[in-house]
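All ligand and atom numbering here is 1-based and tracks the order in the structure.
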Amino acid sequence: MSYFRENIERLSGYTPGAQPEGKDVVKLNTNENPYPPSPLVSDVIRNFDPAWLRRYPSPVGGVFRKAAAKLNGVNEDNIICTNGGDDLLTIAFRAFCDKDRVAAFPTPTYTLYDELAALQDCPVVKPDIEDDRLFEKLTDSGASLVILCNPNAPTGGFFPPKQVAELANALKGKAVLLIDEAYADFAGNNCAGLVKDFENVIILRSLSKGYSLAGLRFGYGIADVSIIKGLMKLKDSYNVDALSIKIAAAAVSDSKYFKHNIELVVSQRKRLREQLLKLGFDVPESYANFLFAKAPNRSAAELFDRLQRKNIYVRYFPYKGIDDKLRITVGTEKENSRLLEALKDIL
Ligand SMILES: *Cc1c(COP(=O)(O)O)cnc(C)c1O
């Protein structure tokens, strides 16, 4: 017998990208930001008094909640702070899904959704993201939770807010629409405005990518007060810690630094895409901080291995439909040059 629930026993568990150590590694495999976080983050850490750790933190993320509300033009009670964006996904699956309550999301997308669905033992409906009737299929799925990763990982595509509003409208009264905006910082546009019009929309944000704080584990959700109230029942009482709350608040308050950081990544994304196209890769336009590239007359698996031998890490997904492509995080100018040189060598 197993001590575990049957669906847990069957699970293999989410496989994150490798975290190789070493000075000479070019790490373009987990969509981390290649630039450091705002200098205001260092100030917070330097001035943090360890005595403050004696007390529990604010259960709702105190100063960060205020900052995020201001940033997004909503009220504090429209915000839930979470231990990374992934924490919000876990909370949402626990809140809305079980064996009778279906989840629906396009495929391919963030593979964590499949794992969280399996944890809840809930059925999933996964229409192809390129299907002309994608939104119709998501609406007709009978799902209680629909997730749209926008920009999508690993493909990099973006549905404009106007189109997403139609989906939210079609789902009204039937399902919650969670819009995963982990990469929206790089898209120049987002769907946060929909929260005012649709009580069934949840926006997910992460500080891991746009704010260079993947190691901090901080994210948040934006939604109607009624939804936030419900989600609060499911979260750990103190799901974000005292130091993180201060660091995250400082990071989002530095809009000037943020803007500059995003501009750097976006300009490197443009350059990297142009160079990859020149090398014969097929690279669709990306609205995120990565490119999803198909190599010319070369298997993605082989290219992945050859790059790794040169200490360059990109992401390869051995799944049907996407196993011919590599997902390449946009790095610094230097890192991107090293990747391009290595690719020229190999090809
Ligand atoms: C990175 C990411 C998240 C959230 O990541 P955290 O590090 O937990 O904030 C959510 N969705 C997608 C698609 C992501 O790539």
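- Taking all heavy atoms of Arg217, Glu181, Lys209 into account, the minimum distance to atom 1 (C) of ligand 1 is reached by Lys209.
- Atoms of ligand 1 lying under 4.0 Å from at least one heavy atom of Ser208, given by number and element, are 6 (P), 7 (O), 9 (O).
- In terms of protein heavy atoms, atom 15 (O) of ligand 1 is closest to Tyr183 OH, 2.6 Å.
- Counting atoms of ligand 1 from 1 in the listed order, those under 4.0 Å from a heavy atom of Ala182 are 2 (C), 3 (C), 10 (C), 11 (N), 12 (C), 14 (C).
- Looking only at side-chain heavy atoms (C-beta outward), Glu335 and Thr332 come within less than 4.5 Å of each other.
- Residues Phe158 and Tyr183 keep their aromatic ring centres 6.0 Å or farther apart.
- Less than 4.0 angstrom separates some heavy atom of Cys149 from each of these atoms of ligand 1: 13 (C).
- Phe292 does not carry Arg327 over the face of its six-membered ring by the limits of under 6.0 Å from the centre and within 45° of the normal.
- At a heavy-atom cutoff of 4.0 Å, ligand 1 is contacted by the side chain of Asp180 but not by its backbone.
- Considering backbone and side-chain atoms together, Gly84 places no N or O closer than 3.5 Å to any N or O of ligand 1.
- Within 6.0 Å of CD in Glu130 there are 12 or fewer heavy atoms belonging to other residues, nucleotides or ligands.
- Residue Asn83 has no N or O atom closer than 3.5 Å to an N or O atom of ligand 1.
- The aromatic ring centroids of Phe135 and Phe159 lie less than 6.0 Å from each other.
- Aromatic ring centres of Tyr211 and Phe258 lie closer together than 6.0 Å.
- Taking the centre of each ring, Phe64 and Phe218 come in below the 6.0 Å mark.
- Shortest contact from atom 4 (C) of ligand 1 to any protein heavy atom: Asp86 OD1, 3.5 Å.
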